[in-house]
Amino acid sequence: MTYGVPETTSRGQRVLHPSPDQLIGTVTALRDDGFCTAVDVTAVDYADHPGRIDLPTGIAAERFELVVMLHAHQRGERVRLRVQVPADDPSVPSLFDLFPGTEAMEREVFDLYGVTFDGHPDLTRILMPEDWEGHPLRKDFDIGSIPVQFKDAPVVR
């Protein structure tokens, strides 16, 4: 346990496993301990792999996983946070108040996976058109086809 949450290692890197309710407290403690940059905020949809075995005992696998990477420059150390997010309530607290640079990253996760960030100042689509229905990186999103015509290429019908 580190910062009150389970810890594992992966490829020589510390990995913390807070719950959504522990996320803000854990990130605050990490920031106060020198992790001054939020390098990445992303998500994974594990709909096709519900029985993952790489989680510590006591952490239940959920469909979505929020992944946060933090960096402590002075120590040259990185830490990864893996937050299990249930499909029936895909929401976590926003990290914007702790790391304002996460604003666009959280919007991207919302846009592509449908995970919402409580307290985010402008949780709107960032990549997809405003009228787009669904979240294209979800495993259950229908793959369609959009015809693409390249300049000077013959039209194929």
Using every non-hydrogen atom in the two residues, find where [X] and [Y] come nearest and quote the distance to one decimal.
{"X": "Gln84", "Y": "Ala61", "value": "OE1-CA, 3.7 Å"}
{"X": "His135", "Y": "Asp111", "value": "ND1-O, 3.1 Å"}
{"X": "Val27", "Y": "Leu95", "value": "CG2-CD2, 3.9 Å"}

Practice prompt. Mind running side chain to side chain contact (heavy atoms under 4.5 Å, CB included) on Val85 and Tyr113 for me, showing each step along the way?
Written response: CA-CA 11 Å; Val85 182; Tyr113 290 96; over 6 Å; no
[atom1]/[X] to [atom2]/[Y] distance, rounded to the nearest 0.5 angstrom?
{"X": "Asp140", "Y": "Arg63", "atom1": "CG", "atom2": "CZ", "value": "4.0 Å"}
{"X": "Leu123", "Y": "Phe117", "atom1": "CG", "atom2": "CZ", "value": "7.5 Å"}
{"X": "Arg78", "Y": "His71", "atom1": "CZ", "atom2": "NE2", "value": "5.0 Å"}
{"X": "Gln22", "Y": "Leu16", "atom1": "CD", "atom2": "CG", "value": "10.5 Å"}
{"X": "Glu65", "Y": "Thr42", "atom1": "CD", "atom2": "OG1", "value": "10.5 Å"}
{"X": "Thr8", "Y": "His17", "atom1": "OG1", "atom2": "NE2", "value": "3.0 Å"}

Worksheet entry | Pair Leu127-Trp132, side chain to side chain contact (heavy atoms under 4.5 Å, CB included): steps then yes or no | CA-CA 10 Å; Leu127 298 172; Trp132 188 271; over 6 Å; no
Worksheet entry | side-chain contact (heavy atoms from CB on, under 4.5 Å) involving Asp97 - partner list, sequence neighbours excluded | none
Item to complete: Go through the steps to decide whether Lys139 and His49 satisfy the test side chain to side chain contact (heavy atoms under 4.5 Å, CB included), and finish with yes or no.
Response: CA-CA 11 Å; Lys139 300 291 185 194; His49 301 285; over 6 Å; no
Fill in: Over-ring placement of Arg75 relative to Phe35, 6.0 Å and 45° cut-offs
yes
Fill in: Flag, side chain of Arg107 to backbone of Arg125, donor-acceptor distance under 3.5 Å
yes
Worksheet entry | Heavy-atom check, side chain of Met1 versus side chain of Pro6, under 4.5 Å | yes
Practice prompt. Would you sort out whether Glu77 and Asp33 count as a side chain to side chain contact (heavy atoms under 4.5 Å, CB included), showing the intermediate values?
Written response: CA-CA 11 Å; Glu77 183 181 351; Asp33 195 25; over 6 Å; no
